[in-house]
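Mind looking over this structure? Questions follow.
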Amino acid sequence: MSLILVIGGYGGFGARLCRRLSRAGHALLVAGRSEAKAAALAAELPNARPLAMDREGDVRGVIERERPDLVIDAAGPFQRRRYEVPRACIAAGIPYLDLADASDFVLGIAALDGEARAADVAIVAGASSVPALTGAVARKLAEGMERVFSVDTALSAANRATGGASVVAAILSYVGRPVRLWRGGRRSRAWGWQEMRRVDFALSDGTALRGRLVAIADVPDGELLPGLLPGRPAVTFRAGTELSFHMLALWLASWPVRWGWLNSLAGARFWLLALYRLTSRLGGDRSAMTIVLRGLAGGRRLERRWTVIAERGEGLEVPTLAAALLAGDMIAGRQPAGARTAASLLPFERFEPALAQLALRHEYNERDLPPPLYARVMGAAFDRLPPAVRRLHGVCRDSGAQGEGRVERGRGLLARALAAAMRFPPEGRWPLHVAFSEADGVERWTRDFGGHRFTSELRAKGERLVERFGPLRFAFDLPSGPDGLEMRLQGWSVFGLPLPLALAPRIGAREWEEEGRFRFAVSASLPLIGDVIRYNGWLSPIDDRGDADG
């Protein structure tokens with residue numbers, strides 16, 4: 001009978017994992033700082049005994065003395081954690097597994113790969129909901145796709161399942177702090193617990209959790225999944241708790257950290273735990289997760305979605321499933337030596353029997369996505385555009401292009417003030433990156449001229465394209481042909497109030513293909529003021545390696 005040492009074995013996730021491992025026939029060492037708590041759980045399980053163990057103490061000595069067949073670290077949080085436990089396992093020649101979901105810790109495990117191979121031992125990080133389960137689902141959804149454009153995950157936990165001290169500490173470690181993401185074809189940055197959204201989690205039988213708030217969370221998926229899927233897609237992970245006022249309070253608290261007034265909210269851990277205890281009877285015990293993948297399959301633009309809704313607090317079991325599966329593999333010697341993440345180690349089919357035993361329901365859905373914005377506005381004329389122009393406007397959720405732009409500003413004082421107010425780039429020749437994002441039929445273009453950024457939003461209104469810069473909206477016709485397209489201004493407004501076309505800026509915009517590249521030229525001037533800005537250049541879509549084609 002195999003012996004597994006579980007650090008944090010009597011904690012929220014650790015206890016559930018211990019019970020799952022015990023049912024699978026493993027003998028257990030239930031380890032943690034409190035021998036009394038460890039003994040209480042061990043008394044419930046066959047072939048289990050307690051072990052007093054401080055992870056900050058003589059970990060190597062304990063592991064050498066007990067000689068388990070596998071060590072599992074289930075004691076979060078893993079944010080800012082070092083690698084004493086896996087290093088102790090490598091030194092002892094004993095496999096190691098953890099339930100970490102902290103980006104830095106999971107991604108950094110690869111630094112131990114050489115040591116683990118030399119010791120002929122398997123070291124695996126992230127055997128939890130992220131990145132093990134999310135990686136399995138994303139790879140399942142991507143089957144048969146030539147390219148994946150985006151992966152959006154939302155996780156909403158029941159209020160009665162989110163108040164553990166380690167969970168609170170993990171959240172507070174990144175609220176308001178930078179989070180690494182892959183967006184627009186390049187590495188990007190978001191902010192923890194911002195970009196808040198309301199999400200509906202719904203199944204075809206009518207079961208639903210509607211309007212739950214979720215916000216940016218710092219998990220390994222943002223770095224790992226782009227490299228596992230065709231097309232190197234943008235990956236965003238949002239998480240949240242059931243109660244909206246919890247979410248809004250954390251969102252408000254994130255701003256002082258983002259602004260640099262506070263280094264982190266770690267010091268507020270006591271107060272947040274107190275808030276949770278005061279509100280622990282509110283809400284329910286239903287959790288949910290959805291993973292939405294958008295891409296191309298056989299030339300079709302598709303959205304594939306996996307949704308799971310857990311009842312009766314069973315959502316707390318899900319983070320233990322991957323660890324239990326991988327524990328069996330590692331003890332049986334089915335994981336090779338080396339240090340790696342769990343993101344690509346398990347196919348989704350291996351999770352299905354365990355999911356079927358829980359009080360939850362899950363399902364897949366697929367639907368066709370509408371054509372790109374410019375195709376909807378232009379109709380059949382879109383197909384007659386030059387290939388480079390057509391490709392750049394084939395935005396599906398997220399893409400990017402890079403090239404070069406040359407900027408000229410107007411000479412008058414008022415013209416320069418207007419250009420500055422619109423956040424147009426200064427004069428010069430600049431490396432250019434444009435990030436395209438799309439949601440609900442609206443495209444957002446972020447143009448980056450050598451670090452000088454300005455953004456606009458584009459949408460369809462009948463047969464016209466409407467571009468918004470702050471309170472200003474401009475409606476364009478798009479005359480086109482095999483040589484390219486133009487944008488001809490047909491109306492404008494401020495704060496929704498239509499204004500006379502005679503007073504409108506004189507906007508010229510043209511797009512064409514030259515030597516296989518997308519080329520553009522844009523100018524804007526005002527009556528009595530003259531030129532405000534001119535810019536032109538070229539762009540090439542970024543391929544799945546993060547390089548510009550062409």
Side-chain angles (χ1 to χ4, degrees), residues 2 4-9 11-24 26 28 31 55 68-79 81 83 85-86 89-90 94-110 112-113 116 121-140 153 155 166-167 170 219-221 223-225 228 237 289 291 315-355 358:
S2 59
I4 302 177
L5 188 162
V6 183
I7 303 172
F13 296 127
R16 288 173 170 81
L17 178 59
C18 283
R19 294 187 180 99
R20 187 171 295 278
L21 294 171
S22 180
R23 291 195 297 270
H26 301 291
L28 298 172
R55 193 172 50 197
D69 298 293
L70 172 68
V71 173
I72 301 180
D73 193 345
F78 287 85
Q79 282 75 9
R81 178 83 59 79
Y83 297 105
V85 178
C89 289
I90 291 172
I94 293 172
Y96 164 90
L97 179 67
D98 65 46
L99 276 67
D101 60 4
S103 289
D104 289 344
F105 186 89
V106 174
L107 296 170
I109 203 71
L112 305 183
D113 187 59
V121 64
I123 304 294
V124 176
S128 189
S129 299
V130 291
L133 175 58
T134 50
V137 174
R139 287 180 287 114
K140 177 71 174 179
T153 302
L155 169 66
S166 64
V167 174
V219 299
D221 294 40
E223 291 276 341
L224 292 173
L225 293 190
L228 296 177
F237 190 103
M289 181 165 69
I291 300 177
L316 287 169
E317 294 288 342
V318 175
T320 70
L321 301 183
L325 291 170
L326 286 170
D329 289 352
M330 296 175 82
I331 288 172
R334 291 193 292 269
Q335 280 297 320
R340 61 187 64 88
T341 77
S344 61
L345 299 185
L346 294 168
F348 180 74
E349 287 74 13
R350 292 196 59 193
F351 287 93
E352 291 186 296
L355 291 171
L358 301 175

Practice item. Please check if any side-chain donor atom of D101 sits under 3.5 Å from a side-chain acceptor atom of S128, or the reverse. Key: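 On atom types as modelled, these side chains do not qualify, holding no pair under 3.5 Å.
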Point to revise | side chain to side chain contact (heavy atoms under 4.5 Å, CB included) between R55 and D73, intermediate numbers included | key: CA-CA 9 Å; R55 193 172 50 197; D73 193 345; 3.3 Å; yes
**Study point:** Distance-minimising heavy-atom pair for G9 and C18
**Key:**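 For G9 and C18, the tightest heavy-atom pair comes out as O-SG, 3.5 Å.
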Point to revise | Contacts of type side chain to side chain contact (heavy atoms under 4.5 Å, CB included), residue A24, not counting sequence neighbours | key: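 H26.
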Check your understanding: Does a donor on one side chain and an acceptor on the other come within less than 3.5 Å for T320 and R16?
Key ->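 No.
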Check your understanding: Can any side-chain N or O of R139 pair as donor or acceptor with the backbone N or O of F348 at less than 3.5 Å?
Key ->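 No, because the side chain of R139 does not come within donor-acceptor range (under 3.5 Å) of the backbone of F348.
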Practice item. Give a yes or no on whether the backbone of G126 and the side-chain of D98 come within a donor-acceptor separation of less than 3.5 Å. Key: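 The answer is yes, because a donor-acceptor pair under 3.5 Å joins these two groups.
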Check your understanding: For the atom pair CG (L325) and CE (M330), what is the distance rounded to the nearest 0.5 Å?
Key ->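 Between atom CG of L325 and atom CE of M330 there are 13.0 Å.
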Review point. Shortest non-hydrogen contact from A339 to I109?
Key: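 That would be CB-O, 3.3 Å.
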Point to revise | Heavy-atom pair with the smallest gap, counting every atom of A327 and L97 | key: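 Shortest heavy-atom separation between A327 and L97 comes out as N-CD2, 3.9 Å.
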Check your understanding: Which distance, rounded to the nearest 0.5 Å, do you find between the CG of L326 and the CZ of R350?
Key ->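 Atom-to-atom, L326:CG and R350:CZ are 7.0 Å apart.
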**Study point:** Within-4.5 Å side-chain heavy-atom neighbours: M289 and L133
**Key:**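 SC-SC contact between M289 and L133 confirmed.
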Check your understanding: If you look at every heavy atom in L99 and A127, which pair is closest and at what distance?
Key ->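 Looks like CG-O, 3.7 Å.
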Check your understanding: Does L228 have any side chain to side chain contact (heavy atoms under 4.5 Å, CB included) partners at least two apart in sequence or in another chain, and if so, which?
Key ->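 L228 satisfies side chain to side chain contact (heavy atoms under 4.5 Å, CB included) with L225, A343, S344 once adjacent residues are dropped.
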Review point. Could you state the interatomic distance from OG1 (T134) to CG (D221), rounded to the nearest 0.5 Å?
Key: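 Taking OG1 in T134 and CG in D221, the distance rounds to 3.5 Å.
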Review point. Backbone N or O of G338 within a donor-acceptor pair of the D113 side chain at under 3.5 Å?
Key: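 It does not hold such a pair.
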Check your understanding: Could you give the distance from CD1 (I94) to CG (L70), rounded to the nearest 0.5 Å?
Key ->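 Those atoms lie 9.0 Å apart.
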Check your understanding: In Å and rounded to the nearest 0.5 Å, what is the OG1 to CZ distance from T341 to F105?
Key ->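 Those atoms lie 12.0 Å apart.
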Point to revise | V124 vs R340, side chain to side chain contact (heavy atoms under 4.5 Å, CB included): CA-CA, chis, key distance, verdict | key: CA-CA 5 Å; V124 176; R340 61 187 64 88; 4.2 Å; yes
Check your understanding: Step by step, would you call Y96 with I72 a side chain to side chain contact (heavy atoms under 4.5 Å, CB included)?
Key -> CA-CA 6 Å; Y96 164 90; I72 301 180; over 6 Å; no
Check your understanding: Quick one: CG on L321 to OG on S129, what's the gap to the nearest 0.5 Å?
Key ->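 Taking CG in L321 and OG in S129, the distance rounds to 7.5 Å.
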Exercise for review: In sequence, state the C-alpha distance, the side-chain angles, and the governing distance for L28 and S22, and then conclude on side chain to side chain contact (heavy atoms under 4.5 Å, CB included).
Suggested key: CA-CA 7 Å; L28 298 172; S22 180; 4.0 Å; yes
**Study point:** Closest approach of A122 to Q335 (non-hydrogen atoms, all atoms of both residues)
**Key:**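 Closest approach of A122 to Q335, heavy atoms only: CB-O, 3.8 Å.
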Review point. Is the backbone of I331 close enough, under 3.5 Å, to the side chain of R334 for a donor and an acceptor to pair up by distance?
Key: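 Judged by distance alone, no pair lies under 3.5 Å.
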Check your understanding: Between C89 and P95, which heavy-atom pair has the shortest distance, and what is it?
Key ->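 Residues C89 and P95, closest heavy atoms: SG-O, 4.3 Å.
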Check your understanding: Looking at side-chain heavy atoms only, is the closest gap between D329 and L346 below 4.5 Å?
Key ->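 The answer is yes; the side chains approach within 4.5 Å.
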